[in-house]
Q: 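Right, I'll just put the structure down here and ask away after.
When a residue number appears, it is its place in the shown sequence, counting from 1. Quick caveat, the model's predicted, so the values are computed rather than measured.
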Amino acid sequence: MATRWGICSAGKISHDFTVALKTLPPEDHQVVAVAARKLEDAQEFAKKHSISKAYGSYEELARDPDIDVVYIGVIHPYHLNTCLLFTNAKKNVLCEKPLAMNTKEVQQILASAKKNDVFLMEAVWTRFFPVSVEIRRLLAQGELGEVKMVRSEFGVPLMHVPRAVQKELGGGALLDIGIYCLQFVSMVYNGEKPESIQASGVVHYSKNRMAVITCSSGVQLPNDAIIMGTKGTVRVPTPMWCPTSLVVNEKETEYPVPEPYLPLNFINSTGMRYEAEEVRQCLLKGLKESTVMSHADSLLLAELEDEIRRQVGVVYSQDCQ
């Protein structure tokens, strides 16, 4: 039986996710419905991607009995209410990152998923790339020795993009692109919470281990990541958030992503196939969360983001509710 997907929102990221799904076997993954706030947007999306059902509201998608899992591609200030709509309708959910605006909202979403006994995962797609799988293998087998330092950078000029700068749209570099740096560090340090954070960019962990992240929506950065251990070094060349190569002790290995059947909005988006396949495997096993991107991982990311924002002085309206 194919995993039957519903797509919530007909925007750019939903387009790319749907294209990514088409790189997987049709007997494993099918998109059966799409919903947008305007019916004509959903219909246009459905036509472009050969989807049989188009809805002019998210509520209609939530009521569709033929959906196994919903992909939520709305912008992050709307994640809380949209996730709750689908979890309360007993739908499994893959929600775009960041899962929510702050820790309190993430806790509400996780509690709702648990209460309604449904699968829920934050779509941190980077975690599922073959490059990330290989990094976890190298770390687990101790091939880098003791990791002492992690550095991760992501900066691209986004000041012209409204959702990247307007506070009411969840603007700011941290939640949009800084999360990729944070998730990388959290993955390398196995979900450990740092002992201290200095929001100028230095994060301290136990045993004198350190992490430095730099994120910016104002300038172009090298956009790579490095893990330095006592026995070796691993570098993830740009683009570190959707990597297709890995340099281990100066030896580079390529991990190309499949070609898309339609033009993409974002680089390497067919790599979203890996998180989609993770969702399918979890559902087949009856799991309610992924061990690779767990609920605890999502909570940790939110807590780190909250502390960094507190130090920098960024407050969203959602923090005051």
Q: Taking everything shown except Lys12 itself, do over 12 heavy atoms lie less than 6.0 Å from its NZ?
A: no
Q: Decide yes or no on side chain to side chain donor-acceptor pair (under 3.5 Å) for Tyr316 and His76, but give the supporting numbers first.
A: CA-CA 12 Å; Tyr316 293 116; His76 36 283; 5.9 Å; no
Q: Do any N or O atoms from the side chain of Glu289 and from the backbone of Phe119 form a donor-acceptor pair under 3.5 angstrom?
A: no
Q: With sequence neighbours left out, write down each residue that passes salt bridge (Lys or Arg N to Asp or Glu O under 4.0 Å) with Glu278, or none if nothing qualifies.
A: none
Q: Might you confirm whether atom CD of Glu168 has over 12 heavy atoms from other residues, nucleotides or ligands at distances under 6.0 Å?
A: yes
Q: Side chains of Thr238 and Asn223: donor-acceptor distance under 3.5 Å anywhere?
A: no
Q: Evaluate the side chain to side chain donor-acceptor pair (under 3.5 Å) criterion for residues Asp306 and Asn102: first the C-alpha distance (whole Å), next the side-chain angles of each, then the deciding distance (0.1 Å), finally the verdict.
A: CA-CA 6 Å; Asp306 282 4; Asn102 55 33; 5.6 Å; no
Q: Distance-only, no hydrogens or angles: does the Lys22 side chain make a donor-acceptor pair with backbone N or O of His49 under 3.5 Å?
A: yes
Q: May I have the step-by-step check of side chain to side chain donor-acceptor pair (under 3.5 Å) for Tyr255 and Glu134, ending in yes or no?
A: CA-CA 10 Å; Tyr255 299 86; Glu134 177 62 9; 4.5 Å; no
Q: Can you list, pair by pair, the side-chain donor-acceptor contacts under 3.5 Å of residues 175-182, counting residues two or more places apart and other chains?
A:
residue: Asp176; atom: OD1; partner: Arg163; partner atom: NH1; Å: 3.2
residue: Asp176; atom: OD2; partner: Arg163; partner atom: NH1; Å: 3.1
residue: Tyr180; atom: OH; partner: Trp125; partner atom: NE1; Å: 3.0

Q: Taking the basic N atoms (NZ, or NE/NH1/NH2) and the acidic carboxylate oxygens, is any pair closer than 4.0 Å for Asp68 and Lys91?
A: no
Q: If you apply the rule side chain to side chain contact (heavy atoms under 4.5 Å, CB included), what do you find for Thr244 with Asn268, and how did you get there?
A: CA-CA 8 Å; Thr244 54; Asn268 293 346; 3.5 Å; yes
Q: Are the side chains of Lys148 and Thr230 in contact, using a 4.5 Å heavy-atom criterion?
A: yes
Q: Is the backbone of Val118 close enough, under 3.5 Å, to the side chain of Asn116 for a donor and an acceptor to pair up by distance?
A: no
Q: Does the side chain to side chain donor-acceptor pair (under 3.5 Å) test come out yes or no for Glu122 and His295, once each step is laid out?
A: CA-CA 8 Å; Glu122 182 177 6; His295 291 180; over 6 Å; no
Q: Would you say Met240 and Ser152 make side-chain contact, with heavy atoms under 4.5 Å?
A: yes
Q: Who passes salt bridge (Lys or Arg N to Asp or Glu O under 4.0 Å) against Glu143, sequence neighbours left out?
A: Arg137
Q: Would you find a donor on one side and an acceptor on the other, under 3.5 Å apart, between the side chain of Asp41 and the backbone of Ala10?
A: no
Q: State whether the number of non-hydrogen atoms from other residues, nucleotides or ligands found under 6.0 Å of Glu250 atom CD is greater than 12.
A: no
Q: Is it true that Lys47 and Glu44 have a side-chain N and a carboxylate O under 4.0 angstrom from each other?
A: no
Q: Could you tell me whether a side-chain N or O of Asp224 sits under 3.5 Å from a main-chain N or O of Glu153, the two making a donor and an acceptor?
A: no
Q: For a quick test of reading the model, state the closest non-hydrogen atom pair linking Tyr205 to Ala211 and the distance between them.
A: CE1-CB, 4.2 Å
Q: Looking only at atom types and distance, does a side-chain atom of Asp319 sit under 3.5 Å from a main-chain N or O of Val315, one as donor and one as acceptor?
A: no
Q: Measure from the side-chain N and O atoms of Ser245 to the backbone N and O of Thr253, and report whether any donor-acceptor pair falls under 3.5 Å.
A: no
Q: Search all heavy atoms of Ala199 against all heavy atoms of Gln311 and return the closest pair with its distance.
A: N-OE1, 2.8 Å
Q: Determine, for Arg127 against Glu275, whether the closest basic-nitrogen to carboxylate-oxygen distance falls under 4.0 angstrom.
A: no
Q: By the definition salt bridge (Lys or Arg N to Asp or Glu O under 4.0 Å), identify the one residue from Glu146, Glu192, Glu195 that meets it with Arg209.
A: Glu192
Q: Checking Thr23 side chain against Ala20 main chain: does a donor-acceptor pair fall under 3.5 Å?
A: yes
Q: Same hydrophobic cluster for Tyr274 and Val236, using side-chain heavy-atom links shorter than 4.5 Å among ILVMFWY?
A: yes
Q: Given side chain to side chain contact (heavy atoms under 4.5 Å, CB included), test Ile226 with Val234 step by step and report yes or no.
A: CA-CA 6 Å; Ile226 298 180; Val234 165; over 6 Å; no
Q: So, for Arg280 and Asp28, which heavy atoms are closest and what is the spacing to 0.1 Å?
A: NH1-O, 3.2 Å
Q: If every non-hydrogen atom of Leu99 is compared with every non-hydrogen atom of Cys83, which pair is closest and at what distance?
A: CD1-SG, 4.4 Å
Q: Evaluate the side chain to side chain contact (heavy atoms under 4.5 Å, CB included) criterion for residues Phe129 and Cys242: first the C-alpha distance (whole Å), next the side-chain angles of each, then the deciding distance (0.1 Å), finally the verdict.
A: CA-CA 7 Å; Phe129 273 70; Cys242 50; 3.6 Å; yes
Q: Any donor-acceptor pair under 3.5 Å linking the side chain of His79 with the backbone of Ile72?
A: no
Q: Can Phe184 and Trp241 be said to form a ring pair (Phe, Tyr, Trp, His ring centres under 6.0 Å), step by step?
A: CA-CA 9 Å; Phe184 185 82; Trp241 68 97; over 10 Å; no
Q: With a 3.5 Å cut-off and no angle check, do the side chains of Ser57 and Glu60 form a donor-acceptor pair?
A: yes
Q: Is the side chain of Arg4 donor-acceptor paired with the backbone N or O of Asp66 at a distance under 3.5 Å, no angle test?
A: yes
